[in-house]
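FYI, the numbering just counts along the sequence from 1.
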Amino acid sequence: MADTPSRRQPDRLLPKQLADLSEAALEEYQEDRSIWHANIGPIKTPQLEALHEDLWDIVDSNRQDGDKVKGAVAVDAFPGLGKTTAVLNFALKYHRREIRQRGAFTDAGHERWPVCRVGLTSNIGMKDFNRALLEFYAHPGRTSGTSALFVQRALDCVLQCETKLLIIDDLHFLKWQAKNGKEVSNHFKYIANEFPVTLIFIGVELEKRGLYSEIDDSGDITLAQTARRTTPLTLDPFKVNDEQRRQQWRKLLLALEKRIVLSRSFPGMLAEELSDYLFFRTTGHIGSLMTLINRGCQRAVRSGAELLSEDLLDQVKIDAASERARRALEPKFKQHRLTSKTQPTGKLRKEHSKAGAV
């Protein structure tokens, strides 16, 4: 992810140019577009920029000496808002900055790995977590040993590779009140104390699940330390209930338009023709929006439509939560009680040319 060159956007061919391609050239072009549309993000939204600013503040301030504990971060948001994508995009920037400033190898000659990312599974225990750390580093001792040996090996990897960020994804899988949950929670505190890293947790409804609890059901106050050391951050869905927020939605659609490679696409295809439709289909959740655009582009290419329209997108299925919310939201747009549009159509082309800044 960090070392691969940026993906190149395929050229947008006009319908006649598309028709003139040989069968082999057309198949290759369709494959390039399919991969491109499946990886069209991330988009630099206001929400992503705000989250990154907060993360830079916290990570860059976590340069205390080894005897001092570094503050942790918890990115807590509903599914479909792009929290993992946003954090990994920050991690990518951080990784590249560290390599650029400090070099690809440490002074001792080890590969520099500034970021480690681990995903949790249900009912994970301390040994399982330490093994997952070792899996990230491809440590040869990851298959056998005690829990104490695993954590010591993980610490050696962190120190030798000079890892500074430890990202723990899907934290909501951790059952805080269960035995394993308490064990791993206490292990996080050990890592915060002994590892020279900033912990970044990612999850859903972490407060409700007990991450910030001062005391658990049995009266144990050990969770309080996590609550005091962890800064909660979030990502909000797009809204269209005022002019500023409608403008943000419009800029997002303009930026997406520039990344869509369909031969019959046109300026305003999303920001004008489909603005309201895309909002009530996805309720402003960027994850759902990106899924709808990706699948819509795949169908537009496969069917030969080569553009996105309401009729085409109505045939595309996305997540159940968006489809349920659509039933309540769509009538408000159809009855003109709510709109996502703001700027007059005449300004569209000028905006479209500037959308690359988003």
Side-chain angles (χ1 to χ4, degrees), residues 40-57 74-87 89-90 204-205 207 231-260 266-293 296 308-310 313 318-319 321-358:
I40 207 169
I43 304 292
K44 192 168 68 173
T45 64
Q47 293 92 327
L48 182 141
E49 286 188 291
L51 177 65
H52 282 194
E53 284 298 311
D54 288 333
L55 287 172
W56 283 121
D57 287 344
V75 181
D76 186 352
F78 285 114
L81 294 177
K83 54 188 176 298
T84 296
T85 299
V87 171
N89 184 249
F90 171 82
V204 178
E205 294 189 325
E207 181 175 6
T231 301
L233 302 176
T234 192
L235 283 167
D236 295 319
F238 281 87
K239 298 183 183 298
V240 292
N241 55 345
D242 61 44
E243 199 71 8
Q244 181 181 359
R245 288 170 174 166
R246 286 191 288 270
Q247 186 63 249
Q248 290 175 352
W249 177 250
R250 183 182 184 83
K251 287 180 179 178
L252 169 63
L253 297 185
L254 287 169
L256 277 173
E257 283 183 11
K258 291 180 69 68
R259 302 193 186 192
I260 288 175
F266 56 90
M269 182 178 68
L270 303 186
E272 282 295 324
E273 299 297 324
L274 294 171
S275 179
D276 284 352
Y277 176 86
L278 291 173
F279 191 87
F280 65 65
R281 273 299 303 269
T282 65
T283 58
H285 285 63
I286 193 166
S288 302
L289 174 67
M290 300 301 280
T291 298
L292 180 61
I293 294 297
L308 299 181
S309 64
E310 286 194 30
L313 291 175
I318 57 173
D319 58 278
S322 292
E323 298 295 4
R324 284 196 304 269
R326 175 186 182 179
R327 292 194 289 269
L329 196 57
E330 184 174 4
K332 296 180 181 179
F333 283 88
K334 296 292 188 182
Q335 297 164 13
H336 306 291
R337 290 186 288 136
L338 193 61
T339 183
S340 65
K341 298 181 180 180
T342 176
Q343 292 285 352
T345 306
K347 295 185 179 180
L348 176 65
R349 291 188 181 274
K350 183 177 178 181
E351 287 180 332
H352 194 271
S353 66
K354 295 180 179 179
V358 178

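- Separating the CG atom in Asp319 from the OG1 atom in Thr283 is a distance of 7.5 Å, to the nearest 0.5 Å.
- Atoms CH2 and CG, from Trp249 and Leu278 in turn, are 6.0 Å apart once rounded to the nearest 0.5 Å.
- In terms of heavy atoms, Leu235 sits closest to Ala77 at O-CB, 3.7 Å.
- What you find for Pro42 and Asn89 is that their closest heavy atoms are CG-ND2, 3.5 Å.
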Quiz item: Can Glu257 and Ile260 be said to form a side-chain contact (heavy atoms from CB on, under 4.5 Å), step by step?
Solution: CA-CA 5 Å; Glu257 283 183 11; Ile260 288 175; 5.5 Å; no
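- Proximity of a side-chain donor or acceptor of Arg281 to a complementary backbone N or O of Leu313 within less than 3.5 Å is detected.
- Of all non-hydrogen atoms in Pro331 and Arg326, the two that sit nearest each other are CD-O, 4.2 Å.
- Atom CD of Glu330 and atom CD of Gln335 lie 10.5 Å apart (nearest 0.5 Å).
- Thr234 and Asp76 are not linked by any side-chain donor-acceptor pair at a separation below 3.5 angstrom, with hydrogens and angles left out of the test.
- By the 4.5 Å heavy-atom criterion applied to side chains, Gln47 and Thr45 are counted as neighbours.
- The minimum heavy-atom distance linking Arg250 with Ala271 is given by the pair NH1-O, 3.6 Å.
- Here the side chains of Lys239 and Arg246 are not in contact, with every heavy-atom distance at 4.5 Å or above.
- To the nearest 0.5 Å, atom CD1 of residue Ile293 and atom OG1 of residue Thr282 are 8.5 Å apart.
- Side-chain atoms of Leu256 and Met290, non-hydrogen and from C-beta on, do get closer than 4.5 Å to each other.
- By the side chain to side chain donor-acceptor pair (under 3.5 Å) test, Asn241 is found to be paired with Arg245, residues two or more places apart in sequence or in another chain being considered.
- With values rounded to the nearest 0.5 angstrom, Phe238 atom CZ is found 10.0 Å from Leu81 atom CG.
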Quiz item: So Leu48 and Ile286, side-chain contact (heavy atoms from CB on, under 4.5 Å) or not? Walk me through it.
Solution: CA-CA 11 Å; Leu48 182 141; Ile286 193 166; over 6 Å; no
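- Annotation: the span from Leu338 atom CG to Phe280 atom CZ amounts to 11.0 Å, rounded to 0.5 Å.
- Within 6.0 Å of atom CD in Gln244, 12 or fewer heavy atoms from other residues, nucleotides or ligands are found, so the atom counts as exposed in its surroundings.
- Side-chain atoms of Lys83 and Leu51, non-hydrogen and from C-beta on, never get closer than 4.5 Å to each other.
- Closest approach of Ile318 to Ser288, counting heavy atoms only: CD1-O, 4.4 Å.
- In the displayed structure, Phe333 atom CZ is contacted under 6.0 Å by more than 12 heavy atoms of other residues, nucleotides or ligands.
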